[in-house]
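Here is the structure we will look at.
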Protein chains: 2
Amino acid sequence: MVLPRAARTQRRTRIQEEKEELILEAALDVFATHGFRGTTIDQIADVAGMSKPNLLYYFRTKEAMHRALIDRVLDNWLDPLREFDAEGNPVSEIRSYIRRKLEMARDFPRESRLFANEILQGAPHIEDELKGPLKSLVDEKAEVIRSWAKAGKIAKCDPYHLIFAIWSTTQHYADFDVQVRGVLGEERSGEGRFEDAARFLEQLFVSGLEIRDGGA
Amino acid sequence: MVLPRAARTQRRTRIQEEKEELILEAALDVFATHGFRGTTIDQIADVAGMSKPNLLYYFRTKEAMHRALIDRVLDNWLDPLREFDAEGNPVSEIRSYIRRKLEMARDFPRESRLFANEILQGAPHIEDELKGPLKSLVDEKAEVIRSWAKAGKIAKCDPYHLIFAIWSTTQHYADFDVQVRGVLGEERSGEGRFEDAARFLEQLFVSGLEIRDGGA
DNA sequence: TGATAATTTGACCGGTTGGTAAAACATTAC
DNA sequence: GTAATGTTTTACCAACCGGTCAAATTATCA
């Protein structure tokens with residue numbers, strides 16, 4: 001038989017698993033920097049070190065590769081938020097959420113950029129996920145934050161915009177990396193910038209959410 | 001004569017000015033959502049309501065359109081930071097900088113996304129601007145912020161990362177608009193979200209930068 | 001009005017793109 | 001070993017891409 005992988009019920013051979021991984025790795029590289037439409041199959045094949053028809057044997061279309069990547073990334077992307085614990089100490093929960101997101105920006109910048117590209121271009125492939133699972137999870141965690149505020153453990157604030165602020169500030173170091181490095185200059189563009197960012201952001205959010213006399 | 005606009009020394013006709021504007025308007029639409037490589041001249045021509053050769057009469061290449069847009073946007077993009085006044089009151093300067101950036105995200109989302117796309121894709125067309133004029137301006141303003149901190153007017157913090165945080169949180173509402181609206185749900189996706197965001201961000205940054213006993 | 005310059009169009013071109021067909025080659029199962 | 005299955009390659013195609021050209025049309029102005 002000559003059916004490509006997607007048509008089979010079960011993953012079979014070792015070679016399949018390896019090649020699919022190799023392809024997705026290459027595809028991540030290219031999609032992350034050029035977006036869906038700006039990416040060509042030839043480019044991916046080139047990075048993966050195989051011929052285009054060979055690549056198309058494993059993923060029948062460009063869409064299929066993109067979808068496989070998006071599914072995987074979206075899931076990982078939400079992990080740090082899932083860990084957000086309602087029972088924990090508010091300040092340290094927020095602090096460690098920031099730290100985890102920042103680590104992801106540092107360790108998986110391509111994944112972050114793939115996601116950013118998708119959203120920037122109007123999320124044509126993941127609108128349902130945004131309005132479904134993603135929204136549900138955020139709703140749930142927003143409720144946790146709201147209850148902390150109500151209990152007087154942190155300052156009153158809109159929990160949704162708090163989450164947006166944590167997302168944007170942390171992902172900025174992956175998505176806008178070129179700009180960050182351009183502005184910081186060569187001498188401050190080492191990995192140390194992530195520690196500086198962590199220090200700053202923890203300070204900002206922790207003291208920004210501290211309860212004080214003037215409240216609200 | 002039949003020389004396209006770029007070759008002429010002076011802007012001549014009314015029709016030229018109108019058409020160029022029309023084209024850039026259309027190009028902004030398309031570039032902002034598909035990025036440079038993902039955009040086709042046909043698409044732009046279509047949105048602009050003219051034929052491709054006609055469009056190419058005004059801008060000889062896709063690059064030329066993109067460059068014209070980028071130049072214009074980059075300049076506007078920096079305006080709010082330029083207004084940042086060393087002599088003003090620190091807290092209200094930061095507050096109004098946030099407000100201005102948020103207004104830009106609300107009123108010029110396509111411009112923000114064009115810029116974001118360019119950075120995401122590695123800033124191939126504006127690397128020089130990033131390391132030159134942009135860096136210089138940020139360096140200058142960072143020095144102002146540092147002096148405020150030294151004078152005890154705001155909490156000590158890394159001024160570069162403060163600026164990054166303001167950029168990312170505000171632009172988030174333009175660049176990640178689909179996601180923001182998806183998460184907030186239909187009922188909170190009106191223009192009111194910008195006011196909520198402003199309230200939240202002003203609170204976050206102002207009290208996050210306030211001097212307190214345990215200070216930084 | 002007519003001459004001149006500015007604008008618009010349709011037909012076209014070479015290169016690239018996403019994807020296919022079929023056969024050659026490699027691997028595995030018996 | 002050999003038959004069946006899985007993998008890779010070569011050759012290809014139709015559509016699309018950025019861009020050109022020359023002719024047709026329209027605006028400008030003496």
Side-chain angles (χ1 to χ4, degrees), chain A residues 1-24 26-27 29-31 33-69 121 124-125, chain B residues 1-27 29-31 33-70 121 124-125:
Chain A
M1 265 232 274
V2 72
L3 274 182
R5 193 227 143 236
R8 277 179 239 113
T9 321
Q10 249 187 314
R11 182 172 270 97
R12 297 259 171 97
T13 70
R14 160 194 57 89
I15 210 167
Q16 260 173 44
E17 216 148 339
E18 284 174 12
K19 289 286 161 90
E20 277 169 28
E21 205 44 52
L22 183 72
I23 290 169
L24 288 182
D29 250 43
V30 186
F31 279 131
T33 49
H34 296 294
F36 182 76
R37 298 198 28 176
T39 292
T40 72
I41 300 183
D42 285 285
Q43 257 178 302
I44 299 174
D46 213 52
V47 175
M50 57 172 75
S51 69
K52 180 167 65 171
N54 195 184
L55 182 154
L56 285 166
Y57 170 72
Y58 293 100
F59 293 90
R60 275 194 291 206
T61 61
K62 194 164 89 162
E63 268 86 3
M65 280 180 270
H66 194 251
R67 174 119 295 270
L69 277 176
Q121 301 179 8
H125 305 98
Chain B
M1 263 232 274
V2 72
L3 274 181
R5 192 226 144 235
R8 276 178 240 113
T9 321
Q10 249 187 314
R11 183 171 269 97
R12 296 261 172 95
T13 70
R14 159 193 58 89
I15 208 166
Q16 259 172 45
E17 217 148 340
E18 284 173 14
K19 289 286 161 93
E20 278 169 28
E21 205 44 52
L22 183 72
I23 290 168
L24 288 181
E25 175 66 19
D29 251 41
V30 186
F31 279 132
T33 49
H34 295 295
F36 182 76
R37 296 194 31 172
T39 293
T40 72
I41 300 182
D42 286 285
Q43 258 178 301
I44 299 174
D46 213 52
V47 174
M50 58 173 73
S51 69
K52 181 167 63 170
N54 195 183
L55 183 152
L56 285 166
Y57 170 73
Y58 293 101
F59 292 90
R60 275 194 292 207
T61 61
K62 193 164 88 162
E63 268 86 2
M65 281 181 269
H66 193 251
R67 176 119 296 270
L69 276 176
I70 284 280
Q121 301 180 7
H125 304 98

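Only this structure's heavy atoms are used, side chains among them; waters, hydrogens and symmetry mates stay out. Sequence lines set the chain letters: A, B, ... in the order given, protein chains first and strands last, and positions in each chain run from 1.
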query = Could you state the CZ-P distance from Arg60(A) to dG19(C), rounded to the nearest angstrom?
reply = 11 Å
message = Rounded to whole Å, please give me the gap between CZ in Arg37(A) and P in dG18(C).
response = 11 Å
key: Tyr58(B) and Met65(B), any side-chain heavy atoms less than 4.5 Å apart   = no
task = For the residue pair His66(A) and Thr61(A), establish whether any side-chain heavy-atom pair is separated by less than 4.5 Å.
result = no
request  = Take the protein atom CD1 of Ile23(A) and the nucleotide atom P of dT7(D), then report the distance between them rounded to whole Å.
outcome  = 11 Å
Could you list the donor-acceptor pairs under 3.5 angstrom formed between side-chain atoms of residues 41-48 of chain A and any protein atom two or more places apart in sequence or on another chain?
unit_1: Asp42(A); atom_1: OD2; unit_2: Lys52(A); atom_2: NZ; d: 3.4
unit_1: Gln43(A); atom_1: OE1; unit_2: Thr40(A); atom_2: N; d: 3.1
unit_1: Gln43(A); atom_1: OE1; unit_2: Thr40(A); atom_2: OG1; d: 3.4
unit_1: Gln43(A); atom_1: OE1; unit_2: Arg37(B); atom_2: NH2; d: 3.2

request  = With the side chain of Thr61(B) defined as its heavy atoms from C-beta on, choose the nearest nucleotide among dT17(C), dG19(D), dT8(D).
outcome  = dG19(D)
note = In numerical order, the residues of residues 44-54 of chain B whose heavy atoms come under 4.0 Å of DNA chain D are Lys52(B), Pro53(B)
key: His125(B)-Phe36(B) aromatic ring centre distance below 6.0 Å   = yes
query = Atom NZ of Lys62(A) to atom P of dG19(C): distance rounded to whole Å?
reply = 8 Å
ask   = Rounded to the nearest Å, what distance is computed from the CD atom of residue Glu63(B) to the P atom of nucleotide dG18(D)?
value = 10 Å
query = Counting just side-chain N and O atoms, does Gln16(B) come under 4.0 Å of either OP1 or OP2 of dA6(C)?
reply = no
task = Without swapping roles, check the side chain of Lys19(A) against the backbone of Asn54(A) for a donor-acceptor pair under 3.5 Å.
result = no
ask   = Whole Å only: how far is the OH atom of Tyr57(B) from the P atom of dA6(C)?
value = 7 Å
inquiry  = Under the rule for salt bridge (charged side-chain N to carboxylate O under 4.0 Å, His left out), what residues qualify as partners of Glu63(A), not counting sequence neighbours?
reply    = none
inquiry  = From CG of Asp42(B) over to C1' of dG10(C), roughly how many Å is that when rounded to an integer?
reply    = 14 Å
message = Measure CZ/Phe59(B) against C1'/dT20(D) and give the value in whole Å, please.
response = 19 Å
